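The structure appears below as structure tokens.
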Amino acid sequence: MFTGIIESVGKVKSMQPTGGDIRLTIESHDLDFSDVKLGDSIASNGICLTVVDFGSNHYSVDVSRETIARTALEDLKPGHLVNLEKAMLPTTRFGGHIVAGHVDGVGVVSKLQKDARSIYIEIEIPKELAHYTATKGSITLDGISLTTNLVRDNIVSLNIIPHTAQVTNIAQHWLIGSKVNVEVDIVARYLERLLNKSQGNSDNSSPQSSITEAFLADNGFMK
């Protein structure tokens with residue numbers, strides 16, 4: 001589990017094909033490796049990956065073909081900057097939102113321009129993910145917890161403040177046409193499942209939920 005608050009920007013050191021998969025090595029001189037162990041999870045551009053080797057300033061992960069197919073990882077090259085976040089601890093300040101590190105799809109930067117001191121960006125996300133997003137809701141892009149300005153069809157607009165641009169890979173790597181990893185709000189996914197069950201759209205082996213749209217509205221979950 002992650003928060004979407006980036007701890008460090010690392011650099012792709014190598015991408016080595018290994019038996020049809022990829023052994024990805026990322027180096028960082030800012031990430032704290034003092035508590036990293038084999039088997040730990042580190043979100044790399046929003047992808048939850050398992051550490052299989054590490055040193056004082058680098059770690060390696062094995063990336064399956066499934067992960068390659070569902071993310072923008074294949075576009076990475078040695079020297080490319082990636083956003084890094086170690087799995088959260090129970091004592092961690094929860095500064096972002098609940099991020100699983102399970103990428104739902106790949107979005108594309110369709111508009112990017114200066115807006116006073118911030119950067120105005122529009123991301124075209126897969127159409128099947130659009131209904132999980134909401135104006136002023138949370139979305140994870142390349143592992144960064146961000147708040148949407150507006151959702152129009154499958155276009156998500158955001159403003160990136162100078163601090164966020166500086167401590168992530170946005171300033172250097174996000175251009176019009178750039179691909180980004182998208183993870184929608186996990187709460188929206190669970191609400192959809194609850195609503196589907198309450199409306200009888202699931203198999204009969206599970207008990208029917210009493211959660212309805214009216215219940216969610218009455219208790220402040222919907223406007």
Side-chain angles (χ1 to χ4, degrees), residues 1-13 15 24-33 36 41-49 57-59 61 63 67 71-88 92-125 129 133 136-149 155-186:
M1 190 68 69
F2 307 92
T3 69
I5 302 300
I6 304 305
E7 296 181 64
S8 169
V9 176
K11 182 182 293 185
V12 176
K13 186 175 182 180
M15 295 183 68
L24 172 64
T25 299
I26 296 173
E27 62 180 356
S28 172
H29 297 279
D30 299 322
L31 192 69
D32 181 9
F33 284 89
V36 172
S41 296
I42 298 180
S44 310
N45 265 9
I47 312 166
C48 179
L49 297 170
N57 61 7
H58 74 275
Y59 67 95
V61 295
V63 185
T67 300
T71 68
L73 187 146
E74 197 169 30
D75 287 352
L76 295 182
K77 301 290 188 296
H80 201 117
L81 301 182
V82 292
N83 300 314
L84 308 180
E85 181 189 357
K86 295 185 294 186
M88 66 179 295
T92 301
R93 178 177 287 124
F94 210 128
H97 71 283
I98 299 173
V99 177
H102 302 156
V103 174
D104 294 302
V106 176
V108 178
V109 178
S110 58
K111 188 172 184 177
L112 187 151
Q113 63 188 39
K114 289 287 291 181
D115 184 7
R117 293 176 57 241
S118 66
I119 305 171
Y120 174 82
I121 296 178
E122 291 185 357
I123 307 287
E124 182 179 348
I125 66 173
L129 299 180
T133 61
K136 299 304 178 183
S138 296
I139 193 169
T140 307
L141 301 173
D142 270 0
I144 312 164
S145 172
L146 295 168
T147 301
T148 63
N149 289 344
I155 302 296
V156 176
S157 66
L158 318 105
N159 271 75
I160 308 299
I161 63 172
H163 173 77
T164 301
Q166 291 166 6
V167 300
T168 67
N169 66 356
I170 291 176
Q172 296 204 39
H173 285 307
W174 284 26
L175 304 169
I176 293 177
S178 295
K179 296 178 181 179
V180 296
N181 294 316
V182 178
E183 181 184 333
V184 297
D185 190 348
I186 192 171

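As the structure is a computational prediction, the values presented were derived from the model and not from experiment.
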Do the non-hydrogen side-chain atoms of [X] and [Y] ever get within less than 4.5 Å of each other?
{"X": "Lys77", "Y": "Val12", "result": "no"}
{"X": "Val109", "Y": "Ile123", "result": "yes"}
{"X": "Leu141", "Y": "Val182", "result": "yes"}

Nearest heavy-atom neighbours spanning [X] and [Y]:
{"X": "Ser44", "Y": "Tyr59", "value": "OG-OH, 2.6 Å"}
{"X": "Leu146", "Y": "Thr164", "value": "CD2-CG2, 4.3 Å"}
{"X": "His80", "Y": "Asp75", "value": "ND1-O, 4.4 Å"}
{"X": "Ala100", "Y": "Ile186", "value": "CB-CD1, 4.4 Å"}
{"X": "Asn149", "Y": "Leu158", "value": "ND2-C, 3.4 Å"}

Problem set entry | Distance-only donor-acceptor check, side chains His29 and Ser8, under 3.5 Å |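 On atom types as modelled, these side chains do not qualify, holding no pair under 3.5 Å.
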For this session: State whether a side-chain donor-acceptor pair under 3.5 Å links His58 with Thr25.
Result: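 Absent: no donor and acceptor within the cut-off.
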Would you say the side-chain atoms of [X] pair up with the backbone N or O of [Y], donor to acceptor, closer than 3.5 Å?
{"X": "Asn83", "Y": "Asp142", "answer": "yes"}
{"X": "Asp185", "Y": "Ser138", "answer": "no"}
{"X": "Thr3", "Y": "Phe94", "answer": "no"}
{"X": "His173", "Y": "Leu81", "answer": "yes"}

Exercise. For Leu112, does the CG atom have more than 12 heavy-atom neighbours from other residues, nucleotides or ligands under 6.0 Å away?
Worked result: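 Above 12, so yes.
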For this session: Output the distance between atom CD1 (Ile176) and atom OG (Ser110), rounded to the nearest 0.5 Å.
Result: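 Between atom CD1 of Ile176 and atom OG of Ser110 there are 8.0 Å.
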